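Since we're looking at a predicted model, the values are computed, not measured. Throughout, numbering of the chain's residues begins at 1 and tracks the sequence.
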Amino acid sequence: MRSLLRAVALTFVVAFATEATAQNIQPGPTLTAVRERGVLLCGASPNAPGFGAPDSRGNWQGIDPDICRAIAAAVLGDPTKIRFTPLTSQARFAALQSGQIDVLPRTVTWTHSRDTAVGLNFTTPIFYDGQGFLVRKSLNITQATQLAGATICTFAGSTSELNLADWARANNVQYTPVVFEQNDEARIAYDNGRCDAISTDASQLMGLITAMRVPADHMVLRDRISKEPLTPAVRQGDDQWNDVVRWTIFALINAEEMGVTQANAEAMLQSTNPDIRRLLGNAGDHGPMMALDQRWAYNAIRAVGNYGEIFERHVGHGSAIGLDRGINDLWTRGGLMFAPPIR
């Protein structure tokens, strides 16, 4: 009996302590700066169709801008309170380190050296990819090793440049690299015949095809020469901001798994499902635990939809790029998208 009473008492103590802690948590330096400024500063790709590019009206579209909008909604309650800064591969990390931006979701590959030596913290992958090769169908090749002697465009300051060199060395493939800073520069050079191929993340190559003069003349080879977990990054030294960005992404993934969408999120506030109640802020103090509003995840979902909606809108079958979910599907359907529970 005493053991039972002690266990019950401990449960109440832990519950009380958690509630008190959630109520007393203060915003850290980055969260404070964002709120005082009233705007989230987000790094962006100059032109990566499907991942980040301005449309004809200058509005940023893609997976990465939508992740930023979700964060702005979670933190400021408004997905429009955001300023996008287009950055080259070489300039993106310095911009984050210097405080020019608050978060960098700009098709950044999570690697050991970047995580440990560049002053970055990586949150959680928003897209699993691999480096491939874009070629003209007229070359009549089926595998990358047939590019021996070719001129291959790639990008400065990226993992693509290093991966290409490693792959060529390992496979004894001689090639001539042509290195660019911008996607558009490489696309135009390739489209004008300066390069025989472009090598970077396969999903980005599919996006580049849509901007070619004759898209049907080009294809992405099946070869994948690397692992590219594309992951938003934040500065090291602010654990709370790391939590805010990471758990906002987790909320979008959990929302898809639970069937919560941009359209039905308001109706789902009436759900009696405990997981949905915690996700949408009807139970627990999960927002205040990060110095956020109780409805932080609800605001993010209402702004951009769940992860599956974001994927489909920008790179899925409903988009010009037309990718299958593949490994970017939920874990319940054989993919890698898995989010820890909100509880």
Quick one about [Y] and [X] (side-chain donor to acceptor, distance below 3.5 Å, no hydrogens or angles considered), yes or no?
{"X": "E228", "Y": "T109", "answer": "yes"}
{"X": "D184", "Y": "N47", "answer": "yes"}
{"X": "Q143", "Y": "D223", "answer": "no"}
{"X": "S158", "Y": "S89", "answer": "no"}
{"X": "Q90", "Y": "T88", "answer": "no"}
{"X": "N264", "Y": "T261", "answer": "yes"}
{"X": "T32", "Y": "E36", "answer": "no"}

For this session: Using the ring of Y190 (Phe, Tyr or Trp, six-membered ring only), decide whether R136 places NZ or CZ under 6.0 Å from its centre and within 45 degrees of its axis.
Result: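 Yes, cation above the ring, under 6.0 Å and within 45°.
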Would you say the side-chain atoms of [X] pair up with the backbone N or O of [Y], donor to acceptor, closer than 3.5 Å?
{"X": "Q61", "Y": "D55", "answer": "no"}
{"X": "Q240", "Y": "Q26", "answer": "yes"}
{"X": "D285", "Y": "M289", "answer": "no"}
{"X": "R313", "Y": "V304", "answer": "yes"}
{"X": "E185", "Y": "Q182", "answer": "yes"}
{"X": "D201", "Y": "Q204", "answer": "no"}
{"X": "Q236", "Y": "L120", "answer": "yes"}
{"X": "N299", "Y": "A74", "answer": "no"}
{"X": "N306", "Y": "V260", "answer": "yes"}
{"X": "E181", "Y": "F155", "answer": "no"}

For this session: Would you indicate whether R222, at its atom CZ, is surrounded by more than 12 heavy atoms from other residues, nucleotides or ligands within a distance under 6.0 Å?
Result: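 Atom CZ in R222 is not crowded, with 12 or fewer foreign heavy atoms closer than 6.0 Å.
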For this session: Count the heavy atoms of every other residue, nucleotide or ligand shown that sit under 6.0 Å from CZ of R343, and state whether that count exceeds 12.
Result: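 Atom CZ in R343 is not packed in, count stays at 12 or less.
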Beyond-backbone contact of [X] with [Y], side-chain heavy atoms, under 4.5 angstrom:
{"X": "R213", "Y": "N192", "result": "yes"}
{"X": "D275", "Y": "I342", "result": "no"}
{"X": "F84", "Y": "I82", "result": "yes"}
{"X": "Q131", "Y": "S199", "result": "yes"}
{"X": "T231", "Y": "I126", "result": "no"}
{"X": "F250", "Y": "T123", "result": "no"}
{"X": "V220", "Y": "V135", "result": "no"}
{"X": "L87", "Y": "I101", "result": "yes"}

So which pairs with a foot in [range] pass salt bridge (charged side-chain N to carboxylate O under 4.0 Å, His left out), sequence neighbours left out?
{"range": "residues 318-328", "result": "E256-R325, R325-D329"}
{"range": "residues 89-118", "result": "R37-D102"}
{"range": "residues 234-255", "result": "D243-R246"}

Exercise. Same cluster or not: are I276 and L252 linked, directly or through other Ile, Leu, Val, Met, Phe, Trp or Tyr residues, by side-chain heavy atoms under 4.5 angstrom apart?
Worked result: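 Both belong to a single hydrophobic cluster.
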Holding to side chain to side chain contact (heavy atoms under 4.5 Å, CB included), I want the full list of residues that pass it with [X], two or more places apart in sequence or in another chain.
{"X": "E257", "answer": "N254, L330, W331, T332"}
{"X": "K227", "answer": "none"}
{"X": "D78", "answer": "T80, K81"}

For this session: Check the pair V75 / V244 against side chain to side chain contact (heavy atoms under 4.5 Å, CB included), numbers first and verdict last.
Result: CA-CA 8 Å; V75 171; V244 167; 3.7 Å; yes
Problem set entry | Criterion side chain to side chain contact (heavy atoms under 4.5 Å, CB included) on F93 and V108, from CA distance to verdict | CA-CA 10 Å; F93 298 139; V108 182; 3.8 Å; yes
Exercise. Salt bridge between R224 and D129, side-chain N to carboxylate O under 4.0 Å?
Worked result: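 Salt bridge absent between R224 and D129.
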Problem set entry | Pair Y128 and W110, ring centroids less than 6.0 Å apart |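 Distance test on ring centres: not under 6.0 Å, no.
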Exercise. What is the distance from atom CE of M268 to atom CZ of R277, rounded to the nearest 0.5 Å?
Worked result: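 M268 CE to R277 CZ: 13.5 Å, rounded to 0.5 Å.
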